[in-house]
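To keep things clear, I will list the structure first and then write my remarks on it.
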Amino acid sequence: MTTNTFIRPVLFILLLAPLFMGCDKDPGPWNHHKLEAAMQYAREIGTHSLIIQTDGEMVKTYGEIDSISRIHSIRKAILMALISQHLDKIDLNSTLADLGIDDTPIPLTDLQKTATVEHLIKSISGINHPAVSQVGNAQRMRDSLLGSSPNTPGTKWAYNNWDYNALTTVFEQESSRTVQEAFEKGIARPLHIEKYETFYRRDTSLSRHAKVGFRLSTRDMAKFGQLFLDEGQWNGQEIIPKDWIAKITTDFVLSPTPSDERHAQGYLWWLPSGNYAGGLPEGSFLTTGTSGQRIFVIPAWNTVIAHKVMTDVPKKERTPVSGKEFEQLMSMVRDSRN
């Protein structure tokens, strides 16, 4: 027998050995068979795209993760990040009166003008004023929480687009930058977000304060979530102060109308309850947008989940993912952990 004749069967046996002995390769924290079932469920409920990312690496993806579309109220988490980058110019304790912030056609009262920038960030200004994009159930809920009588700022919480739109005005006035300019320099460039859109929606018959929105890809939504997972660091550079991100889970306000997904709000991010999706690790937080836009940050798993529903199509062509459907998806993801 020649040497080559002897070596070939030995190599063949060595290559097959893992099949008979059970592969010793670490499967990691995920059961990929169960994750695939979660992806199949995402297809069924109308998800446009989905990324599950652990240790900064994509574990599973579905759909068109590089196409940009509206992210709706996730804009508020971006605004929160931009404010953190300009705290040398933005005093959280300044009142609206200090800053010369008012409104038209309905002016603010002297009491309302005592609300501070921090009140706006924490959704506790108590100001029930017409606002761009405050419609439908959101408007009815705000009316029920704030009522029509004057509120002392800091005493009542409500999901309030007037707060967030006025906060945009404050940011641009005090930073001397548009949101688009600030996003480009402070987030898009460092995170290598190359394709995005920033837009404004105005209705001066309601308010002088405009809504600012974004179009991002699911890949870049995941990058934004990763920035928060990594406590504001990106490639060794501080993009957002670590202590600012800590405020999300330490300086929050319990919602007076809680759901398991939106149990509390901390600096324009949501905190789920301990029961959400069958129980996620403590310290998890998320940002949400209409129809099923989500960025979920789960530090205990070192994981970010970005979920997109396409709304840049005619309404009859949309397939919104309900809160219950997304919770079921998250439950399946949770059950995929080894």
Side-chain angles (χ1 to χ4, degrees), residues 42 45-51 63-83 120-121 123 131-142 158-168 171 179-180 183 187-188 193 195-203 206-207 209-225 228 255 259 261-262 265 267-270 272 285-297 304-327 329-330:
I45 61 178
T47 296
H48 176 71
S49 48
L50 172 65
I51 292 174
E64 299 178 28
I65 65 171
D66 289 313
S67 62
I68 70 169
S69 61
R70 282 180 293 170
I71 59 172
H72 297 276
S73 287
I74 289 175
R75 70 187 179 96
K76 293 151 191 172
I78 294 176
L79 182 58
M80 173 266 202
L82 295 178
I83 289 169
L120 301 181
I121 295 173
S123 306
V132 177
S133 294
Q134 190 80 27
V135 296
N137 287 335
Q139 177 64 56
R140 288 188 287 273
M141 182 62 70
R142 189 183 73 171
Y159 189 73
N160 187 354
N161 273 317
W162 190 90
D163 285 1
Y164 318 135
N165 298 344
L167 192 58
T168 300
F171 173 80
V179 167
Q180 180 174 356
F183 181 80
I187 295 178
I193 295 175
K195 189 178 180 182
Y196 72 93
E197 292 179 9
T198 305
F199 60 92
Y200 292 81
R201 182 179 175 191
R202 304 177 190 276
D203 186 345
L206 297 174
S207 171
H209 304 296
K211 164 192 171 179
V212 64
F214 294 86
R215 287 183 172 88
L216 288 175
S217 70
T218 312
R219 183 190 298 273
D220 292 332
M221 289 165 63
K223 286 183 180 180
F224 184 70
F228 278 75
S255 170
S259 67
E261 183 180 48
R262 295 181 172 191
Q265 191 187 54
Y267 280 66
L268 302 181
W269 288 75
W270 295 103
F285 54 96
L286 73 154
T287 178
T288 72
T290 190
S291 298
Q293 327 302 331
R294 299 287 189 276
I295 302 175
F296 228 116
V297 179
V304 171
I305 297 169
H307 181 267
K308 174 80 74 68
V309 174
M310 175 56 69
T311 58
D312 284 357
V313 294
K315 198 166 186 178
K316 64 181 180 180
E317 297 177 19
R318 299 175 189 176
T319 53
V321 172
S322 71
K324 288 185 178 180
E325 288 172 330
F326 183 75
E327 182 175 4
L329 176 61
M330 287 298 298

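The figures here come from the full heavy-atom set of this structure, side chains too, leaving out hydrogens, waters and symmetry mates.
Taking the side chain as every heavy atom from C-beta outward, Ile78 and Leu216 approach each other to under 4.5 Å. Counting heavy atoms from C-beta outward, Leu82 and Ile187 have side chains that approach closer than 4.5 Å. The shortest distance between side-chain heavy atoms of Ile193 and Phe224 does not fall below 4.5 Å. In this structure, the side chains of Ile295 and Ile71 stay at 4.5 Å or more apart for every pair of heavy atoms. Counting heavy atoms from C-beta outward, Val132 and Arg202 have side chains that stay 4.5 Å or more apart. A 4.5 Å side-chain heavy-atom check between Ile45 and Lys324 finds every atom pair outside the cut-off.
Between the side chains of Ser73 and Tyr159, a donor-acceptor pair is found at a separation under 3.5 Å. Using a 3.5 Å distance cut-off with no hydrogens or angles, the side chains of His48 and Ser69 do not pair a donor with an acceptor. Using modelled atom types and a 3.5 Å distance limit, the side chains of Ser291 and Arg318 yield no donor-acceptor pair.
Shown here for Tyr164 and Leu120, the closest heavy-atom pair between the two residues is CE2-O, 4.1 Å. Of all heavy-atom pairs between Ala306 and Ala222, the closest is CB-N, 3.8 Å.
Under the salt bridge (charged side-chain N to carboxylate O under 4.0 Å, His left out) criterion, Asp163 pairs with no residue at all, not counting sequence neighbours. Listed by chain and residue number, Arg75 satisfy the side chain to side chain donor-acceptor pair (under 3.5 Å) test with Asn165 (two or more places apart in sequence, or in another chain). Every residue meeting the salt bridge (charged side-chain N to carboxylate O under 4.0 Å, His left out) condition with Arg294, not counting sequence neighbours, appears here in chain and number order: Glu261. Residues forming a side chain to side chain donor-acceptor pair (under 3.5 Å) with Tyr196 (at least two apart in sequence, or on another chain): Glu184. For Gln265, the side chain to side chain donor-acceptor pair (under 3.5 Å) partners are Ser123, Trp157, not counting sequence neighbours. Scanning for salt bridge (charged side-chain N to carboxylate O under 4.0 Å, His left out) contacts around Arg215 gives Glu197, Asp312, with sequence neighbours left out.
Applying the 6.0 Å contact sphere to CD of Glu64 captures no more than 12 heavy atoms from other residues, nucleotides or ligands.
Judged purely by atom type and a 3.5 angstrom limit, Thr319 uses its side chain to pair as donor or acceptor with the backbone of Gly46.
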